[in-house]
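See structure below.
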Amino acid sequence: MVTNDVAEIDTIGSIVTCVRHGLGISVVPHVALEEPEGQDLRRLPFGEPQVTRQIAIVERTLSPRDEIIARLHEVPAQLSGPHGVSRTGPGQPTV
């Protein structure tokens with residue numbers, strides 16, 4: 001298969017906008033289509049079980065923003081269900 005590449009786009013929002021306007025197709029994270037604006041687009045999974053990827057928060061061991069980072073970590077960790085990783089202290093994630 002040969003593609004006809006005419007642009008390189010760096011942001012997921014811009015990619016979704018281009019697809020919505022008929023300017024091709026793309027691979028984006030599922031979360032990019034959870035807004036109401038994504039309801040007019042078709043999502044096609046890659047297989048069973050779904051393809052997944054691991055993400056992480058990178059931070060300095062001693063950070064003055066430790067409390068904010070802990071809160072930022074909490075939401076995706078909870079949403080990950082049994083796969084979420086708890087955070088036990090500054091720079092000390094439990095694996």
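Start at 1 with the first residue, then count along the sequence.
- Smallest separation of non-hydrogen atoms from Arg43 and Pro45: O-CD, 3.7 Å.
- Grouped by direct or indirect side-chain proximity (heavy atoms under 4.5 Å, Ile/Leu/Val/Met/Phe/Trp/Tyr only), Val75 sits with Leu79.
- Qualifying salt bridge (charged side-chain N to carboxylate O under 4.0 Å, His left out) partners for Glu8, counting only residues two or more places apart in sequence or in other chains: none.
- Checked against side chain to side chain donor-acceptor pair (under 3.5 Å), Ser63 has no partners two or more places apart in sequence or in another chain.
- Through side-chain heavy atoms spaced under 4.5 Å, either directly or across other Ile, Leu, Val, Met, Phe, Trp or Tyr residues, Leu72 is tied to Ile57, Ile69.
- How far CG of Leu23 is from CD1 of Ile15: 12.0 Å, rounded to the nearest 0.5 Å.
- Scanning for side chain to side chain donor-acceptor pair (under 3.5 Å) contacts around Gln78 gives Glu74, with sequence neighbours left out.
- Within the model, atoms OG of Ser14 and CD1 of Ile9 stand 6.5 Å from one another, a figure rounded to the nearest 0.5 Å.
- Side-chain atoms of Ile68 and Arg71, non-hydrogen and from C-beta on, never get closer than 4.5 Å to each other.
- In terms of the side chain to side chain donor-acceptor pair (under 3.5 Å) criterion, Arg65 has no residue partners (sequence neighbours excluded).
- Here the straight-line distance linking atom CG of Leu41 with atom CD1 of Ile25 works out to 12.0 Å at 0.5 Å rounding.
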